[in-house]
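Here's the structure we're looking at; comments come further down.
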Amino acid sequence: MSTVARTQPTLAEVDPEVAAAIRHEEERQSSVLEMIPSENYASRAVIEAVGSVLTNKYAEGYAGARYYHGNEFVDDVEVLALERAKALFGVDHANVQPHSGAQANMAVYLGVIKPGDPVLGMQLDAGGHLTHGHPVNASAKLYNFASYGVDRETEVIDYDLMLKAAKDHQPKIIVVGATAYPRHFDFVRAREIADEVGAVLMADMAHIAGLVAGGAHPSPVGHAQIITTSTHKTLRGPRGGMVLCDQKYARRVDRGVFPGTQGGPLMHVIAGKAVMLKEAATEEFRQHAAQVVENAKTLAQTLMDAGLRLVSGGTDTHLVLIDVAKLGLDGQRAADALERAGIVANKNAIPFDTLPPTEGSGVRMGTPALTSRGMGVDEIRRVGEIIAQVLQAPDDAALGKQLRAEVSEMCARFPAPGLPSR
Ligand code: DSN
């Protein structure tokens, strides 16, 4: 019996519903100003790697020491990612297997300390992350977390209070890093504090990793013995995580990731990370990182010129945090109004917030994705003016419609990378 060569059915043929949802999401990403500061556009090359047959392969273990056979090519990919990560950030050791930044953090805790050990992290309403010891998270259920925050007046981290909290709590690890903190971290001071109490300094640089890679934020390398990050924010890689560390912690970190907290690594995602790390090592990326910060500073100034209050009075990084309570709004209402105008941001707590996280008194927004679209300070200034207009008249439907049309026109002029052209 002869076999007839058949082409395989496409996604649209096999599953038109999923295909349609993906197509709609492509259209949405292309037609809005994406300003959630933890989101970005991965390049077409990254997306191609993530959509590859590497998703088929089991590779528990590490390159050269796997529990399954047939790993010679995925080993090549993982080694490329590891070498590129070490070279880009200038570290002794890297682990590119964590499925996310949260997994990276949990793997470090598991590998380096014991359940019940004391840890010090940043408060969530000061900008910290759930895995830095928020009571609802496994980090706080498994380890004995205390927290530090920001000064009530300046809204900048109070390192004297961090030292006091460290002396009181005697942590094994001090976690420095945040999801909604617009200022530089002082890694030198944080290391002094960690040394003073005999703690390991762990920097969670998830938000700023791309800025660090591009030289646009001071690096934690040489100060924090262990550094965790996600790979899809300012780094513009695939959704995932990574740990970098001094050689002294390499084995404990690796064992914390596998077999401690994960099974088979996502080799297709690791391929995407390898591509991202190559892209992030270019001069073009350095210029991009500098532009992200310049754009964020322009955004901050434009918003403040329009009379809005920003937490800490500005930014050093890629993000700003607007206090919308001053406008009589909560974060949910403010982010809803912005979305109607085609600007996607997120509600967020601000320091010493009195509203629950489901509402929040702030809106968090950043410039990474707009900068990836090629926007510069002129466009960002106009975006800032639009944001201020919306927030100052959130219920003005006619104004919202007019601004939505202008946003659509800007999106058409600056196509998002990595998306199919239409
Ligand atoms: N959810 C991420 C963010 O938006 O900052 C943190 O993991």
Side-chain angles (χ1 to χ4, degrees), residues 29 32-42 98-109 121-140 145 147 150 157 175-185 202-212 217 220 227-243 261-262 269 273 276 292-293 296 299 311-312 315-322 331-332 334-335 338-339 343-351 353 357-372:
Q29 289 188 18
V32 298
L33 292 178
E34 184 50 74
M35 297 191 74
I36 293 172
S38 48
E39 293 189 5
N40 214 329
Y41 296 103
H99 301 331
S100 68
Q103 291 282 116
N105 289 347
M106 295 310 290
V108 170
Y109 302 146
M122 188 151 162
Q123 286 154 10
L124 194 69
D125 80 348
H129 188 250
L130 288 170
T131 57
H132 299 178
H134 192 277
V136 299
N137 185 262
S139 54
F145 265 85
S147 61
V150 295
I157 292 174
V175 186
V176 179
T179 63
Y181 184 65
R183 295 301 181 179
H184 282 166
F185 293 97
M202 168 178 153
D204 178 345
M205 65 168 183
H207 263 260
I208 55 168
L211 307 183
V212 170
H217 187 291
I227 299 166
T228 59
T229 184
S230 52
T231 49
H232 49 274
K233 297 186 172 97
T234 46
L235 268 176
R236 293 175 64 179
R239 190 157 292 277
M242 190 161 72
V243 186
T261 50
Q262 293 187 177
V269 178
K273 290 174 190 173
M276 167 273 283
V292 168
V293 174
L299 176 67
V311 168
S312 84
T315 185
D316 301 326
T317 65
H318 61 302
L319 70 81
V320 300
L321 195 52
I322 307 172
Q332 179 72 46
L338 287 168
E339 190 168 25
I343 294 175
V344 183
N346 68 277
K347 65 187 168 201
N348 213 98
I350 62 172
D353 211 329
T358 45
E359 295 167 32
S361 297
V363 167
R364 184 185 70 150
M365 49 176 43
T367 52
L370 299 197
T371 310
S372 297

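Keep in mind that the numbers below use all heavy atoms, side chains included, and drop hydrogens, waters and symmetry copies. Whatever order the structure lists ligands and atoms in, that order sets their numbers, starting from 1.
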For R364, atoms of ligand 1 separated by under 4.0 Å from a heavy atom: 3 (C), 4 (O), 5 (O)
F145 and Y109 aromatic ring geometry - parallel, tilted or perpendicular at 30°/60° bounds: perpendicular
Part of H232 with heavy atoms under 4.0 Å of ligand 1, whether side chain, backbone, both or neither: neither
Working for side chain to side chain contact (heavy atoms under 4.5 Å, CB included), residues H318 and I208: CA-CA 8 Å; H318 61 302; I208 55 168; 4.2 Å; yes
Heavy-atom closest contact (G362 atom, I350 atom, distance): CA-CG2, 3.6 Å
Nearest non-hydrogen protein atom, atom 7 (O) of ligand 1: H129 NE2, 3.0 Å
Heavy atom of the protein closest to atom 3 (C) of ligand 1 (residue, atom name, distance): S38 OG, 3.3 Å
Modelled atom types, side-chain donor and acceptor of D204 and H132, under 3.5 Å: yes
Over 12 foreign heavy atoms within 6.0 Å of CD, Q29: yes
M122 vs V150, side chain to side chain contact (heavy atoms under 4.5 Å, CB included): CA-CA, chis, key distance, verdict: CA-CA 9 Å; M122 188 151 162; V150 295; 4.2 Å; yes
Shortest protein heavy-atom distance from atom 2 (C) of ligand 1, along with the residue and atom involved: K233 CE, 3.9 Å
Ligand 1 atoms in contact with T179 (distance to a heavy atom under 4.0 Å): 5 (O), 6 (C)
Any E39 heavy atom less than 4.0 Å to ligand 1: no
Top protein contact for atom 5 (O) of ligand 1, by heavy-atom distance: H207 NE2, 2.6 Å
